[in-house]
Protein chains: 2
Amino acid sequence: MQDNDDALIDLLKLHDISPTSQRLEIARILLARPQHLSADQVLASVNASLPVVSKATVYNTLGLFAKKGLVREVIVDPSKVFYDSNVEPHFHFYNSDSGELTDIPNDSITLSQIPELPQGCSLDSVDVIVRIRED
Amino acid sequence: MQDNDDALIDLLKLHDISPTSQRLEIARILLARPQHLSADQVLASVNASLPVVSKATVYNTLGLFAKKGLVREVIVDPSKVFYDSNVEPHFHFYNSDSGELTDIPNDSITLSQIPELPQGCSLDSVDVIVRIRED
DNA sequence: TTGGGTGCAAACTATTTGCATTCGA
DNA sequence: TCGAATGCAAATAGTTTGCACCCAA
């Protein structure tokens, strides 16, 4: 576990984030594996056994992680933001019935010909969301 | 103007929406031309000269229009939903600095190879959002 | 008349913010 | 010690909801 924490601490530092214990807790949950969690879910997971991080800190920390490029915000539902621990370029399925967000295999979709951007603008990111629903 | 109203009324009926005066007002604003408006903006436009539609009715009506396929919801910003009067398939630029949502010319971007959907699911829509920011 | 549509205000919920306290280098 | 980080609660804002009223078929 200590090894894992050391790796996480290095990762945070690498992203210019000072590794406090709350941030480590959140990173431990969210970065454990590729996944999509809402702030609510992170809050619940982190405090599952005993309360260690407040709601405000979860929101602030997730916002910080996103700004620093450690995670990626995925906006598919007006009612909540998802945080994706996979920052590699990839696209998503969103099942609006179940609220489930899943990755689209990278080789099964292709976006070609990124269009010319409007004057005075630079590219931030390209989001592709394939919305699906239960039959 | 009457001609235009008649056309709008027919359009509403065609979408299985009973054409009340408030719905007509909202349709007149939103469907005037291809555009992207938030509920707030619609509310402000509709009541620009004198108050004719309540906030709740604007939200309910936009939701109804979207459900009936008369307009399309565009979810790009966690803080508000945009309603697009153009329901033809097309993609968007979103300038997160200015909050401006614009169309991507249809011929300047290509999405190929729609991926296989998960079991028991059907396609709803494909959203492509190219996020940009001011230099 | 009668049920859908509307208006109003209150409720709701995700998120943000102000500020006092606490922690760690 | 001293500034950064945190916690708490209140504030915010978009959206939804409950309910009484009203209108058109």
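Just so we're clear, the structure is a prediction, and the values are computed from it rather than from any experiment. Below, read A as the first sequence line, B as the second, and so on, with proteins coming before strands; counting in each chain starts at 1.
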Peer 1: Among D/dA5, D/dG7, C/dG7, which nucleotide has an atom closest to any side-chain atom of A/Arg23?
Peer 2: D/dA5
Peer 1: Using whole Å, what does the distance between atom C1' of nucleotide C/dG5 and atom CD of B/Glu25 come to?
Peer 2: 15 Å
Peer 1: Report the distance from atom NZ of B/Lys80 to atom C1' of C/dT15, rounded to the nearest whole Å.
Peer 2: 14 Å
Peer 1: Nearest to the side chain of A/Ala56, which nucleotide is it out of D/dT15, D/dT17, C/dT17?
Peer 2: C/dT17
Peer 1: Could you check if a side-chain atom of B/Asp127 sits within less than 4.5 angstrom of a side-chain atom of B/Val74, using non-hydrogen atoms only?
Peer 2: no
Peer 1: Do B/Asp40 and B/Val58 make a side-chain contact, defined as non-hydrogen atoms from C-beta onward lying under 4.5 Å apart?
Peer 2: no
Peer 1: I need the CG-C1' distance between B/Asn47 and C/dG7, as an integer number of Å.
Peer 2: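 That distance rounds to 12 Å.
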Peer 1: Is there a path of hydrophobic side-chain contacts, each under 4.5 Å between heavy atoms of I, L, V, M, F, W or Y residues, that connects B/Leu62 with B/Ile29?
Peer 2: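 Looking at the clustering, B/Ile29 is in the same group as B/Leu62.
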Peer 1: Look at all strands and tell whether A/Ser38 reaches a base, only sugar-phosphate, or nothing, counting heavy atoms closer than 4.0 Å.
Peer 2: nothing
Peer 1: Nearest to the side chain of B/Lys55, which nucleotide is it out of D/dA9, D/dT15, C/dT15?
Peer 2: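 Per side-chain heavy atoms of B/Lys55, the pick is D/dT15.
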Peer 1: How long is the line joining CD1 of A/Ile17 and C1' of D/dT6, in whole Å?
Peer 2: 16 Å
Peer 1: DNA chain C: B/Val52 or B/Pro78, which has the more 5' nearest nucleotide?
Peer 2: B/Val52
Peer 1: Reckon B/Thr20 has a side-chain N or O less than 4.0 Å from the OP1 or OP2 of D/dC23?
Peer 2: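 So the side-chain polar atoms of B/Thr20 never come under 4.0 Å of the phosphate oxygens OP1 or OP2 of D/dC23.
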Peer 1: Are A/Phe93 and B/Ile75 linked, directly or through intermediate hydrophobic residues, by side-chain heavy-atom contacts shorter than 4.5 Å (ILVMFWY only)?
Peer 2: no
Peer 1: Quickly work out the A/Ile75 CD1 to C/dA14 P distance and round it to whole Å.
Peer 2: 16 Å
Peer 1: Where along residues 57-73 of chain A does a heavy atom come under 4.0 Å from DNA chain C, residue by residue in number order?
Peer 2: A/Tyr59, A/Asn60
Peer 1: Looking at A/Gln22, does any N or O in its side chain come under 4.0 Å of the phosphate oxygens OP1/OP2 on C/dC23?
Peer 2: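 No, A/Gln22 has no side-chain N/O under 4.0 Å of OP1/OP2 on C/dC23.
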Peer 1: Can you find a heavy atom in the side chain of A/His36 that is under 4.5 Å from one in the side chain of A/Asp103?
Peer 2: yes
Peer 1: Counting C-beta onward and ignoring hydrogens, is there a side-chain heavy-atom pair between A/Leu30 and A/Tyr83 closer than 4.5 Å?
Peer 2: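 Side chain of A/Leu30 against side chain of A/Tyr83, heavy atoms only: contact under 4.5 Å found.
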Peer 1: Starting at CG of B/Asp77 and ending at P of C/dT16, how long is that distance when rounded to a whole Å?
Peer 2: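 To the nearest whole Å, that distance equals 11 Å.
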Peer 1: Give a yes/no answer on whether the side chain of A/Ser18 brings an N or O atom under 4.0 Å of OP1 or OP2 in D/dA5.
Peer 2: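 Looking at the OP1 and OP2 atoms of D/dA5, one of them is under 4.0 Å from a side-chain N or O of A/Ser18.
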Peer 1: Count I, L, V, M, F, W, Y as connected when their side-chain heavy atoms are under 4.5 Å apart, and connections chain through other members. Are B/Tyr94 and A/Ile129 then in the same cluster?
Peer 2: yes
